[in-house]
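Supplied in structure tokens, the structure appears directly below.
Chain letters run A, B, ... following the sequence lines, proteins first, then strands; residues in each count from 1.
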Protein chains: 2
Amino acid sequence: MHLKSLRLFMAVVESGSFVAAAKKLNTVQSNVTTHIKKLEEELGVQLIQRAGQVRPTSAGLALVEYAQSMLSTHDKAVALFQNQTKACGHLRIGAMETTTALRLPPILATYHAQYPEVDIHLTTGPTAELAEQLLSGQLDCAFVAGPLKHEHYYGLKAFDEQLVLVGAEPMASMPSVETLTASAFLAFRQGCSYRQRIELLLASHGINASRIFEFGSLDAMLGCVAAGMGYALLPSATVEAHRHRFEVHTLALPAPIAQVDTYFVAAQPNTWTPALERFAATVRESVSATRHSPTAA
Amino acid sequence: MHLKSLRLFMAVVESGSFVAAAKKLNTVQSNVTTHIKKLEEELGVQLIQRAGQVRPTSAGLALVEYAQSMLSTHDKAVALFQNQTKACGHLRIGAMETTTALRLPPILATYHAQYPEVDIHLTTGPTAELAEQLLSGQLDCAFVAGPLKHEHYYGLKAFDEQLVLVGAEPMASMPSVETLTASAFLAFRQGCSYRQRIELLLASHGINASRIFEFGSLDAMLGCVAAGMGYALLPSATVEAHRHRFEVHTLALPAPIAQVDTYFVAAQPNTWTPALERFAATVRESVSATRHSPTAA
DNA sequence: GCCATGCTATCTCAAAAAGAGATAGAGATG
DNA sequence: CATCTCTATCTCTTTTTGAGATAGCATGGC
């Protein structure tokens with residue numbers, strides 16, 4: 001059963017004429033006859049009454065319902081990919097905890113306002129996990145630290161974060177090696193790229209094995225830092241955004257360790273759904289907007 | 001977009017391999033490649049990721065939903081006409097008032113018990129109206145008086161009714177010409193074949209223009225006959241079924257006028273929906289059952 | 001690091017199908 | 001009864017499909 005046959009069938013039913021149906025679909029009457037006949041053979045029933053007036057038989061009328069369903073589904077699918085309709089369907093986004101907290105809300109709000117038909121699924125996790133999920137097809141796109149090592153993947157530098165050392169007490173300069181060695185560090189669970197930076201930072205000071213506590217949420221981490229449990233390494237902007245809720249102090253770090261770029265990554269653009277395409281556009285716009293008008297970094 | 005392409009696409013998605021998909025649908029791998037490629041060209045997006053493991057891209061995943069809808073609708077349609085599923089859909093039945101009252105209930109009950117998925121639409125009306133509706137495609141089948149004059153139509157003699165003269169007073173023999181001329185006759189609205197019989201009956205007695213009242217319902221008619229408003233011509237079995245509610249008297253009539261056959265009529269069997277096919281079967285069974293075991297006629 | 005294996009893309013040729021035109025036949029109309 | 005309109009059928013050309021063979025690429029084991 002070809003969709004074209006169904007389309008011709010519907011045209012015949014609607015116009016009540018083979019000739020009219022042929023004209024409507026830019027073909028020839030003999031083709032209409034052939035297609036209808038083939039449909040009838042395939043289903044084993046006569047679908048169109050030709051004698052007298054041309055109209056669907058009982059069986060034809062029954063087929064109409066199925067044909068309409070199939071054709072409209074087909075049209076919807078085509079229209080969707082042709083961007084003739086508003087984006088719809090699902091969009092599975094992954095993001096780091098810190099990105100989710102600070103950068104994502106305005107973007108998601110803008111996107112959702114413009115494409116309310118899209119079901120957004122937001123997954124939070126460390127970079128390594130997100131990358132794996134993206135590669136295995138469980139995510140459509142993700143915000144991760146650093147560009148994806150994988151080639152053949154789309155990457156857009158979205159935000160650059162400055163990591164700062166966060167502690168309970170004011171710091172004028174880097175704490176001493178003794179202090180650092182004795183202190184605990186608070187980080188997100190395994191796979192977080194910021195955690196790798198902690199180890200980098202410690203290594204640069206000759207310290208190799210400090211105690212690291214794993215946290216699942218940003219709030220818990222900041223709360224524990226404020227309570228003097230230890231140090232954390234977090235994006236400056238994130239800490240600033242939460243400063244009114246937690247009494248913590250920060251110390252800027254040297255660029256090589258401090259600078260972490262957050263990338264928007266996804267598969268190649270030619271594999272994108274319209275929903276993803278529009279989301280990428282929203283991200284791009286948001287990025288260029290904040291970059292050109294340097295508001296609170 | 002061909003349904004076959006979608007089927008291959010789904011097989012690839014499900015099996016994660018072009019070769020496996022080809023085997024599953026009894027074809028060759030190169031055909032799978034071609035079909036998928038064509039789909040991708042048509043929609044302008046890559047649907048399947050080939051590098052590494054073969055799996056749907058974001059766009060492919062979006063198409064899956066549409067493809068499933070179209071394919072399952074197609075399968076349902078085919079299964080329906082192939083009688084691989086229980087009958088479903090609509091069934092528009094037409095019947096005369098008297099048939100509806102007496103003959104139809106057991107048939108409809110049997111049918112509905114066996115095919116509860118079928119939506120039954122029952123239209124009541126006089127023979128002429130029903131025939132017109134059947135011919136214009138507004139009905140799938142009908143119970144009418146006498147065979148349909150139209151050829152190319154299916155007709156099954158379902159019941160034979162004996163018309164009797166119904167009056168308020170006991171009748172030993174045919175009322176006199178004077179009585180008949182002075183009396184009113186009660187009949188269904190224009191188009192009812194029983195009404196033609198009244199005119200036939202009167203004509204056979206040399207009376208040509210008697211007063212005829214039109215009624216829409218059997219109950220009203222019998223009630224008015226019992227009240228002495230006039231005579232009616234009705235199937236004996238119908239009157240018998242209502243005798244406990246109305247005090248009326250009947251008189252048998254000579255066969256040529258009395259005998260009226262009720263036919264089950266429909267378009268040719270090769271145009272029937274499965275629902276109609278099963279209904280015709282139910283009618284046939286019901287007819288042969290009552291014919292072989294002569295219970296109350 | 002090399003080879004074997006398994007997978008997909010591409011090419012080619014034969015077969016099938018679709019499309020378009022011409023014509024015949026059926027039914028409606030005046 | 002003549003005419004007009006519509007569908008079925010036939011035929012020929014063009015296009016598409018299907019199947020096989022082969023090349024190219026990645027993966028996994030040795």
**Message:** Rounded to whole Å, how long is the line connecting atom CG of B/Leu47 with atom P of C/dT8?
**Reply:**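 It works out to 15 Å between those atoms.
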**Message:** Any non-hydrogen side-chain atom of B/Lys76 less than 4.5 Å from a side-chain atom of B/Thr85?
**Reply:** no
Set out, line by line, the N/O atom pairs under 3.5 Å between protein and nucleotides 14-16 of chain C.
none

**Asked** B/Glu42 CD to D/dT16 C1': how many Å, rounded?
**Response** 14 Å
**Request:** Heavy atoms only: give me the nearest B/Ala59-A/Phe81 pair and the separation to one decimal.
**Result:**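 Distance-wise, the nearest heavy atoms are O-CZ, 3.5 Å.
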**Prompt:** How long is the line joining CD of A/Glu40 and P of D/dT7, in whole Å?
**Reply:**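 After rounding, the gap between these two atoms is 13 Å.
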**Prompt:** Would you find a donor on one side and an acceptor on the other, under 3.5 Å apart, between the side chain of A/Glu161 and the backbone of A/Thr99?
**Reply:** no
**Request:** With sequence neighbours excluded, tell me which residues meet side chain to side chain donor-acceptor pair (under 3.5 Å) with A/Tyr66.
**Result:** none
**Helix axis bend for the helix from C/dG1-D/dC30 to C/dG30-D/dC1 - C1'-based end axes, five pairs, 10° rounding** =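 Comparing the first five pairs with the last five, the axes sit 30° apart.
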**Item:** Contacts of B/Arg92 that satisfy side chain to side chain donor-acceptor pair (under 3.5 Å) - sequence neighbours left out
**Value:** B/Asp140
**Results of side-chain contact (heavy atoms from CB on, under 4.5 Å) for B/Asp119 - residues two or more places apart only** =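 Scan of B/Asp119 (side-chain contact (heavy atoms from CB on, under 4.5 Å), adjacent residues dropped) gives B/His90, B/His121.
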**Request:** List in numerical order all residues of residues 2-16 of chain B for which some heavy atom is under 4.0 Å away from an atom belonging to DNA chain C.
**Result:**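 Hits under 4.0 Å, by residue number: none.
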**Request:** Before giving the answer on salt bridge (charged side-chain N to carboxylate O under 4.0 Å, His left out), spell out for A/Arg278 and A/Glu117 the whole-Å C-alpha distance, their side-chain angles and the decisive distance to 0.1 Å.
**Result:** CA-CA 12 Å; A/Arg278 304 317 306 152; A/Glu117 298 290 310; over 6 Å; no
**Asked** Can you check the A/Met1 CE to C/dA18 P distance for me, whole Å?
**Response** 14 Å
**Message:** List the residues meeting side chain to side chain donor-acceptor pair (under 3.5 Å) with A/Glu199, not counting sequence neighbours, and say none if there are none.
**Reply:**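 Applying side chain to side chain donor-acceptor pair (under 3.5 Å) to A/Glu199 gives none.
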**Message:** Can you pull out the residues from residues 23-37 of chain B that lie within a 4.0 Å heavy-atom distance of DNA chain C?
**Reply:** B/Gln29, B/Ser30, B/Thr33, B/Lys37
**Asked** Do B/Thr33 and B/Gln29 meet the criterion of a side-chain donor-acceptor pair at a distance under 3.5 Å?
**Response** yes
**Asked** CZ of A/Phe18 versus C1' of C/dA26: gap in Å, rounded?
**Response**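 From A/Phe18 CZ to C/dA26 C1': 14 Å.
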**Request:** List in chain and number order the residues that pass side chain to side chain donor-acceptor pair (under 3.5 Å) with A/Gln84, two or more places apart in sequence or in another chain; answer none if no residue qualifies.
**Result:** none
**Prompt:** Of the nucleotides D/dC6, C/dT8, D/dT17, which one has an atom closest to the side chain of B/Ser17?
**Reply:**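 Nearest listed nucleotide: C/dT8.
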**Request:** Considering non-hydrogen atoms only, spot the tightest contact between B/Leu148 and B/Ala131 and give its length.
**Result:** CD1-CB, 3.8 Å
Side-chain donor-acceptor distances from residues 268-275 of chain B under 3.5 Å, at least two apart:
{"from": "B/Asn270", "atom 1": "ND2", "to": "A/Gln46", "atom 2": "OE1", "distance (Å)": "3.4"}
{"from": "B/Thr271", "atom 1": "OG1", "to": "B/Gln268", "atom 2": "O", "distance (Å)": "2.7"}
{"from": "B/Trp272", "atom 1": "NE1", "to": "B/Ala267", "atom 2": "O", "distance (Å)": "2.7"}
{"from": "B/Trp272", "atom 1": "NE1", "to": "B/Gln268", "atom 2": "O", "distance (Å)": "3.2"}
{"from": "B/Thr273", "atom 1": "OG1", "to": "B/Leu276", "atom 2": "N", "distance (Å)": "3.1"}

**Asked** Quick one: B/Gln49 CD to C/dT8 P, roughly how many Å, whole number?
**Response** 12 Å
**Asked** Checking B/Thr262 side chain against B/Asp160 main chain: does a donor-acceptor pair fall under 3.5 Å?
**Response** no
**Interatomic distance, B/Glu41 CD vs D/dT16 P [rounded to whole Å]** =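 Going from CD in B/Glu41 over to P in D/dT16 covers 12 Å.
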**Message:** Quick one: does any side-chain atom of B/Ser286 pair with a main-chain N or O of B/Thr282 as donor and acceptor, under 3.5 Å?
**Reply:**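 Not at all, since once roles are kept as given, no pair shorter than 3.5 Å links the two residues.
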Donor-acceptor list for residues 3-18 of chain B side chains, cut-off 3.5 Å, not counting sequence neighbours:
{"from": "B/Arg7", "atom 1": "NH2", "to": "B/Asp75", "atom 2": "OD1", "distance (Å)": "2.6"}
{"from": "B/Arg7", "atom 1": "NH2", "to": "B/Asp75", "atom 2": "OD2", "distance (Å)": "3.1"}
{"from": "B/Glu14", "atom 1": "OE1", "to": "B/Lys24", "atom 2": "NZ", "distance (Å)": "3.1"}
{"from": "B/Ser15", "atom 1": "OG", "to": "B/Ala11", "atom 2": "O", "distance (Å)": "2.7"}
{"from": "B/Ser15", "atom 1": "OG", "to": "B/Ser17", "atom 2": "N", "distance (Å)": "3.4"}
{"from": "B/Ser15", "atom 1": "OG", "to": "B/Ser17", "atom 2": "O", "distance (Å)": "3.1"}
{"from": "B/Ser17", "atom 1": "OG", "to": "B/Val19", "atom 2": "N", "distance (Å)": "3.2"}
{"from": "B/Ser17", "atom 1": "OG", "to": "B/Ala20", "atom 2": "N", "distance (Å)": "3.0"}

**Request:** Could you state the atom-to-atom distance from CG of A/Leu39 to P of C/dA18 in whole Å?
**Result:** 11 Å
N/O contacts under 3.5 Å, protein versus nucleotides 23-28 of chain D?
none

**Prompt:** Heavy atoms, side chains only, cut-off 4.5 Å: are B/Tyr194 and B/Met96 in contact?
**Reply:** yes
**Asked** Are any of B/Lys38's side-chain N or O atoms less than 4.0 Å away from OP1 or OP2 of D/dT16?
**Response** no
